[in-house]
K.L.:
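Handing you this structure, nothing more for now.
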Amino acid sequence: MRKIIVNFAEEILIDMIVKLEDKLAYIIAVVNEFAAAFSLNPQQAYRYLDRFKGIDFVDKFYNVEHTQPFEDVVEDLALHCRNNGGALA
């Protein structure tokens with residue numbers, strides 16, 4: 001019985017790690033798309049998105065945002081960051 005529980009827990013943990021890896025890969029892609037859209041390098045884009053809560057936005061709404069085209073996500077992020085004090089338009 002214990003082996004079954006351990007195997008089940010391992011499967012859940014592996015699934016969680018895969019989902020986290022997918023989310024991280026998506027956030028990296030979004031940062032790169034945002035950088036390209038606003039002529040920034042990826043480090044500048046990350047700092048801007050982090051400062052004006054864009055990274056939090058993508059993390060919180062990943063389930064919806066990852067189903068949208070990158071162009072729409074970049075627009076959503078730009079608006080969200082402007083609403084939080086950012087100046088890129």
Side-chain angles (χ1 to χ4, degrees):
M1 180 68 167
R2 181 173 181 199
K3 185 174 181 175
I4 292 171
I5 293 171
V6 169
N7 287 342
F8 181 69
E10 286 176 352
E11 289 177 21
I12 291 173
L13 183 58
I14 289 169
D15 188 48
M16 289 172 58
I17 290 169
V18 168
K19 287 179 181 178
L20 181 59
E21 288 174 346
D22 289 347
K23 185 186 265 191
L24 290 173
Y26 178 76
I27 291 172
I28 290 167
V30 167
V31 169
N32 287 321
E33 290 291 325
F34 190 89
F38 290 100
S39 300
L40 303 170
N41 68 46
Q43 186 177 25
Q44 291 170 319
Y46 175 81
R47 286 181 180 159
Y48 178 86
L49 291 171
D50 188 48
R51 179 176 179 191
F52 298 109
K53 310 298 183 210
I55 299 297
D56 293 340
F57 176 84
V58 175
D59 184 37
K60 183 175 181 179
F61 297 107
Y62 168 78
N63 289 336
V64 174
E65 292 292 325
H66 88 279
T67 66
Q68 304 302 313
F70 278 120
E71 296 82 16
D72 293 348
V73 176
V74 168
E75 287 179 28
D76 292 347
L77 275 173
L79 177 61
H80 182 76
C81 289
R82 277 194 302 276
N83 290 339
N84 284 285
L88 292 178

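Predicted model only: the values in this text are computed from it and were never measured.
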K.L.:
With respect to Leu49, which candidate in Val58, Ile55, Asp56, Leu40 satisfies the side chain to side chain contact (heavy atoms under 4.5 Å, CB included) definition?
P.N.:
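Only match with Leu49 under side chain to side chain contact (heavy atoms under 4.5 Å, CB included): Ile55.
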
K.L.:
Name the atoms and distances for all side-chain donor-acceptor pairs under 3.5 Å in residues 76-83, with sequence neighbours left out.
P.N.:
residue: His80; atom: NE2; partner: Lys53; partner atom: O; Å: 3.2
residue: His80; atom: NE2; partner: Asn84; partner atom: ND2; Å: 3.3
residue: Arg82; atom: NH1; partner: Leu88; partner atom: O; Å: 3.1
residue: Asn83; atom: ND2; partner: Leu79; partner atom: O; Å: 3.4

K.L.:
Scan for side-chain hydrogen bond (donor to acceptor under 3.5 Å, both in side chains) pairs involving residues 21-35, sequence neighbours excluded, and state none if there are none.
P.N.:
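Counting only pairs at least two positions apart or across chains, the side-chain hydrogen bond (donor to acceptor under 3.5 Å, both in side chains) contacts touching residues 21-35 are Lys23-Asp59.
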
K.L.:
Looking only at non-hydrogen atoms, find the nearest pair between Ala87 and Tyr48 and report the distance.
P.N.:
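Looks like N-OH, 3.2 Å.
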
K.L.:
Only counting residues at least two apart or in another chain, list the ones meeting salt bridge (Lys or Arg N to Asp or Glu O under 4.0 Å) with Lys19.
P.N.:
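Salt bridge (Lys or Arg N to Asp or Glu O under 4.0 Å) list for Lys19, sorted by chain: Asp15.
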
K.L.:
Linking Ile, Leu, Val, Met, Phe, Trp and Tyr through side-chain heavy atoms less than 4.5 Å apart, which residues share a cluster with Ile28?
P.N.:
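Hydrophobic cluster check, Ile28: no partners found.
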
K.L.:
For the residue pair Arg51 and Arg47, establish whether any side-chain heavy-atom pair is separated by less than 4.5 Å.
P.N.:
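No, side chains not in contact.
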
K.L.:
Is there a path from Phe61 to Tyr46 through hydrophobic residues (I, L, V, M, F, W, Y) whose side chains come within less than 4.5 Å of each other?
P.N.:
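Phe61 and Tyr46: one cluster.
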
K.L.:
Could you list the donor-acceptor pairs under 3.5 angstrom formed between side-chain atoms of residues 64-72 and any protein atom two or more places apart in sequence or on another chain?
P.N.:
residue: His66; atom: ND1; partner: Tyr62; partner atom: O; Å: 2.8
residue: His66; atom: ND1; partner: Asn63; partner atom: O; Å: 3.3
residue: Thr67; atom: OG1; partner: Val64; partner atom: O; Å: 2.6

